[in-house]
Amino acid sequence: MSALAERVEATIRRHDLIPHGGEITCLVSGGADSTCLWHVLGSLGYCVSAAHVNHGLRGAESDADAAFCGERMSAEVIAPSAAASQGSTEADLRELRYRATAGHGLRATGHTASDQVETILYRLVSSGNAKGIRLKREDGVVRPLLEIWREDTVRYCEERGLDYRTDSSNASTKRGLIRDEILPLLRRLHPGAARNLLALADERPRLPRELERTLVELLASRDGTKSADLGGGVRAVREYGEVRLEGRVRFGPWRIESSRPGLVVRTRRPGDRLAGRSKKVQDLFVDAKVPRAARATWPLVVDGDDVVAVPGVTVAPGWEETVRAWKDAEQ
């Protein structure tokens with residue numbers, strides 16, 4: 001097993017991308033990255049097939065790419081309508097490929113660490129965030145090469161005599177501008193520029209900028225008590241050295257809000273009783289004809305160990321004006 005294959009397998013196992021020996025469809029373009037992906041997954045014992053989406057945007061060159069993928073990797077060639085592809089952005093075309101291959105089950109793309117760096121740099125400039133490419137999407141698309149650099153995939157292909165295609169339109173894209181002009185300049189500033197940008201992909205996501213600014217201003221205030229609206233019915237309240245969140249809570253289909261801080265929403269526990277009464281929550285469910293299957297996930301509003309409200313069922317004496325709850329369809 002080659003060193004690159006070992007690294008790819010380690011990424012797959014660490015992030016549970018593909019089951020052992022499982023079926024996987026490689027979405028191939030004919031370039032070095034996807035050719036490497038198709039070959040290395042086969043060498044690792046996965047049941048590999050290939051699919052190529054021909055947008056036809058480069059005329060004869062697009063058709064040659066499709067023919068290459070069909071001949072060299074036995075790829076199924078899918079041709080979306082010309083209207084669907086014309087005038088689309090790179091992101092639009094990518095999503096079109098994912099939709100066109102949705103029936104293929106688990107799919108893998110050849111995105112590399114180099115693509116990750118280019119994506120992070122573009123998003124930093126265009127939107128001020130460093131959100132990177134995900135290793136696994138919810139729609140069954142995985143990126144096993146995301147910890148491998150582009151030069152590694154090229155070397156892998158060349159060492160094994162694997163032919164690959166080069167897209168002549170790459171240089172005219174935004175990604176091509178970053179790859180060919182901006183990153184070389186950044187490397188002149190610091191040779192570790194690409195790896196330092198890649199490290200941003202591992203950082204924990206930050207709050208939305210406006211929300212972060214609101215909280216910073218609240219914390220910086222010297223007023224004894226100050227509050228700020230965070231949206232969605234939630235507000236932050238600062239009292240001297242303490243900050244708490246007040247307002248509306250989402251719990252399954254329920255929306256629960258209270259004018260009193262410090263309350264907690266949870267499901268029932270053995271022995272729970274309504275505050276101020278001797279009746280058990282279990283008996284309240286029975287009296288209210290709450291289905292048995294729904295009781296384990298039914299929300300309770302508690303103050304310390306005291307159950308002060310069972311939404312949709314009852315509220316403890318003295319808490320009627322403090323806690324309000326409703327289901328989505330009831331508002």
Side-chain angles (χ1 to χ4, degrees), residues 15-16 129 131 134-141 203-221 223-331:
H15 300 283
D16 192 26
N129 75 71
K131 183 180 178 182
R134 289 175 291 172
L135 272 159
K136 180 191 297 187
R137 287 170 48 117
E138 288 79 8
D139 59 359
V141 174
E203 290 191 354
R204 298 180 64 180
R206 297 175 60 178
L207 293 170
R209 189 173 295 120
E210 288 302 318
L211 180 57
E212 185 177 83
R213 183 179 297 120
T214 298
L215 288 171
V216 168
E217 291 175 354
L218 183 66
L219 291 169
S221 171
D223 296 341
T225 300
K226 187 176 181 179
S227 63
D229 183 12
L230 303 183
V234 178
R235 64 182 179 275
V237 180
R238 178 187 182 277
E239 288 187 333
Y240 300 100
E242 179 180 286
V243 176
R244 66 175 184 273
L245 300 181
E246 298 178 353
R248 187 176 301 173
V249 171
R250 176 191 292 256
F251 196 99
W254 291 93
R255 303 293 178 271
I256 305 167
E257 63 182 18
S258 173
S259 58
R260 177 166 172 173
L263 301 184
V264 172
V265 181
R266 61 166 172 81
T267 54
R268 65 171 176 164
R269 296 173 182 171
D272 274 340
R273 297 176 185 272
L274 192 67
R277 295 184 183 177
S278 60
K279 202 161 195 176
K280 291 184 177 180
V281 169
Q282 166 65 22
D283 297 330
L284 293 173
F285 282 149
V286 173
D287 293 346
K289 296 182 171 56
V290 174
R292 184 183 299 273
R295 297 173 190 174
T297 57
W298 203 275
L300 306 182
V301 182
V302 300
D303 179 28
D305 294 327
D306 296 326
V307 177
V308 300
V310 184
V313 177
T314 189
V315 179
W319 289 84
E320 294 86 349
E321 303 300 320
T322 305
V323 179
R324 178 172 174 258
W326 66 92
K327 285 188 174 181
D328 285 334
E330 298 174 355
Q331 189 173 17

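The shown structure was predicted, so the numbers you read here are calculated from the model rather than taken from an experiment.
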Legend entry - Separation between CD of Gln282 and CG of Asp287, rounded to the nearest 0.5 Å: 10.0 Å

Legend entry - Crowding at CZ, Arg269 (>12 non-hydrogen neighbours, <6.0 Å): no

Kindly list each side-chain donor-acceptor pair under 3.5 angstrom involving residues 295-303, sequence neighbours excluded, with atom names and distances?
from, atom 1, to, atom 2, distance (Å)
Arg295, NE, Val290, O, 2.9
Arg295, NH2, Val290, O, 3.0
Thr297, OG1, Ala294, O, 3.4
Trp298, NE1, Pro311, O, 2.8
Asp303, OD2, Arg260, NH2, 3.3

Legend entry - Value rounded to 0.5 Å, distance of CZ in Phe285 from NZ in Lys280: 13.5 Å

Legend entry - Ion pair Arg273/Asp306, N-O distance below 4.0 Å: no

Legend entry - N/O donor-acceptor pair under 3.5 Å between Asn129 side chain and Lys131 backbone: yes

Legend entry - Stepwise side chain to side chain contact (heavy atoms under 4.5 Å, CB included) test for Val315 and Val308: CA-CA 6 Å; Val315 179; Val308 300; over 6 Å; no

Legend entry - Glu320 and Arg324 ion-paired at < 4.0 Å: no

Inset, instruction - Using a strict cut-off of less than 4.0 Å between a Lys/Arg side-chain nitrogen and an Asp/Glu carboxylate oxygen, indicate whether Arg266 and Asp272 qualify as a salt bridge. - result: yes

Inset, instruction - Compare every heavy atom of Leu274 with every heavy atom of Val307, then report the nearest pair and how far apart it is. - result: O-CD1, 3.4 Å

Inset, instruction - Report yes or no: does Ser258 contribute a side-chain atom to a donor-acceptor pair with the main-chain N or O of Val323 at less than 3.5 Å? - result: no

